[in-house]
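FYI, side chains are in, hydrogens and waters are out, and symmetry mates aren't considered; it's all heavy atoms of this structure. Keep in mind the model is a prediction, meaning the values are calculated, not measured.
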Amino acid sequence: MADEITLEVNAVTHTVTASPDTPLLYVLTDDLALRGPRYGCGLGQCGACSVLIDGLEVRSCITAAANAVGKSVTTLEGLPAYYAARMNVTPAPELHPLQEAMIAEQAPQCGYCYNGQIIKGAELLFRTAQPTDTEIRTAMNGHICRCGTYPGIFSSIRRAADAIAAQRVAVSGDAREPADV
């Protein structure tokens, strides 16, 4: 049975009609016409469908839409604004620093995994200012890149960490992550 479900997605409130057990991915792509999260495996194993819910990466293909009610959902489309809000940057950049780093490193090839790689990498960078290679590998485990561009993805995360540290210094004079992260 379909119900009205109210979700906050990319800082905008949306009301959709859907069964509460409808995968969040379907609501995001079909009802809200967002193209960041992608259907990959439908089992939560590849990461293509990743979104942030209250700042934590989740697989939207196996998360019921009802589980996101009352929480803040951030997709790839909303990531720059989410970053700006967390970093106290005005205006919001067009791209998140990790998106910029992926472009600079020429990391994506086919681009299918791009959403999940960016979302998970951004979550890591919000938690850890300068992640080690081991922390990057551990965090990114389970995010499948069919093209095998992992070295470029990992280099992008390191490059973005440096850019975010520089932004922190510019905003607050301190390169460390905020205490609430």
Stepwise side chain to side chain contact (heavy atoms under 4.5 Å, CB included) test for Met140 and Ile157: CA-CA 10 Å; Met140 301 308 289; Ile157 293 170; 3.8 Å; yes
Let's go through Leu32 and Val16 carefully: what are the C-alpha distance in whole Å and the side-chain angles of both, what is the deciding distance for side chain to side chain contact (heavy atoms under 4.5 Å, CB included) to 0.1 Å, and is it a yes or a no? CA-CA 8 Å; Leu32 302 183; Val16 298; 4.0 Å; yes
Any chance you could lay out the side chain to side chain contact (heavy atoms under 4.5 Å, CB included) test for Arg59 and Ser50, step after step, and finish with the verdict? CA-CA 5 Å; Arg59 310 296 169 97; Ser50 294; 3.6 Å; yes
Side chain to side chain contact (heavy atoms under 4.5 Å, CB included) between Gln117 and Cys145: does it pass, once the steps are laid out? CA-CA 8 Å; Gln117 303 288 352; Cys145 175; 3.9 Å; yes
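Counting only distance, with no hydrogens or angles, the side chain of Gln99 and the backbone of His96 share a donor-acceptor pair below 3.5 Å. Of the possible polar contacts, one joining the Gln130 side chain to the Ala161 backbone as a donor-acceptor pair under 3.5 Å is found. Thr149 places a side-chain N or O within 3.5 Å of a backbone atom of Ala107 that can act as its donor or acceptor partner. In terms of modelled atom types and a separation under 3.5 Å, the side chain of Asn115 and the main chain of Ala48 share a donor-acceptor contact. Judged purely by atom type and a 3.5 angstrom limit, Thr63 has no side-chain atom pairing as donor or acceptor with the backbone of Leu24. Side chain of Glu77 to backbone of Gly36: a donor-acceptor contact under 3.5 angstrom is found. For Glu123 (side chain) and Glu57 (main-chain N/O), a donor-acceptor pair under 3.5 Å exists by modelled atom type. Although no hydrogens or angles enter the test, the distance criterion places no donor-acceptor pair under 3.5 Å between the side chain of Thr128 and the main chain of Leu125. Under a 3.5 Å cut-off, the side chain of Ser156 and the backbone N or O of Gly152 do form a donor-acceptor pair.
More than 12 heavy atoms of other residues, nucleotides or ligands shown are found within 6.0 angstrom of OH on Tyr150. For Glu135, the CD atom is densely surrounded, since the number of other residues' heavy atoms within 6.0 Å is greater than 12. Around CG of Asp162, the count of heavy atoms belonging to other residues, nucleotides or ligands within 6.0 Å exceeds 12.
For Ile62 against Gly42, the heavy-atom pair with the smallest separation is CG2-O, 3.9 Å. Across Pro20 and Ala64, no two heavy atoms sit closer than the pair O-CB, 3.5 Å. In plain terms, the two heavy atoms of Ala92 and Ala81 that are nearest each other are CB-CA, 4.0 Å. When all heavy atoms are compared, the tightest approach of Pro151 to Gly148 is CD-O, 3.9 Å. Heavy-atom minimum distance, Pro37 versus Leu28: CG-CD1, 4.0 Å. The minimum heavy-atom distance linking Cys61 with Cys49 is given by the pair N-SG, 3.3 Å.
The shortest side-chain heavy-atom distance between Ile164 and Tyr83 falls under the 4.5 Å cut-off. A 4.5 Å side-chain heavy-atom check between Asp3 and Thr17 finds every atom pair outside the cut-off. Side-chain atoms of Thr29 and Arg35, non-hydrogen and from C-beta on, do get closer than 4.5 Å to each other.
Two different hydrophobic clusters hold Val51 and Leu25 under the rule that ILVMFWY side chains link at heavy-atom gaps under 4.5 Å. Both Ile118 and Leu124 sit in one connected hydrophobic cluster of ILVMFWY residues. Membership requires side-chain heavy atoms under 4.5 Å apart, directly or through other members. Linking Ile, Leu, Val, Met, Phe, Trp and Tyr residues whenever their side-chain heavy atoms come within less than 4.5 Å leaves Met102 and Leu95 in two separate clusters. A continuous path of hydrophobic side-chain contacts links Val58 to Val69 [ILVMFWY only; heavy atoms under 4.5 Å].
Considering CD1 of Ile153 and OH of Tyr114, their distance stands at 11.0 Å, rounded to 0.5 Å. Going from atom OG of Ser19 over to atom OH of Tyr26 covers 12.5 Å, rounded to the nearest 0.5 Å. Expressed to the nearest 0.5 Å, how far CG of Leu76 lies from CG of Leu52 amounts to 10.0 Å. Note that the OG1 atom of Thr90 and the CG atom of Asn88 stand 6.5 Å from one another [nearest 0.5 Å]. Here Ile119 contributes atom CD1 and Thr75 contributes atom OG1; the two are 6.5 Å apart, rounded to the nearest 0.5 Å. Residue Thr74 holds its OG1 atom at 9.5 Å from CD1 of Ile53, rounded to the nearest 0.5 Å.
Checking Ser155 against Arg158 by side-chain atom types alone, a donor-acceptor pair falls below 3.5 Å.
Ion pairing of Glu105 with Arg159 is present here, as a side-chain N (NZ or NE/NH1/NH2) and a carboxylate O approach within less than 4.0 Å.
Screening Leu34, Ile5, Leu7, Val9 for a side-chain contact (heavy atoms from CB on, under 4.5 Å) involving Val27 leaves a single residue, Leu7.
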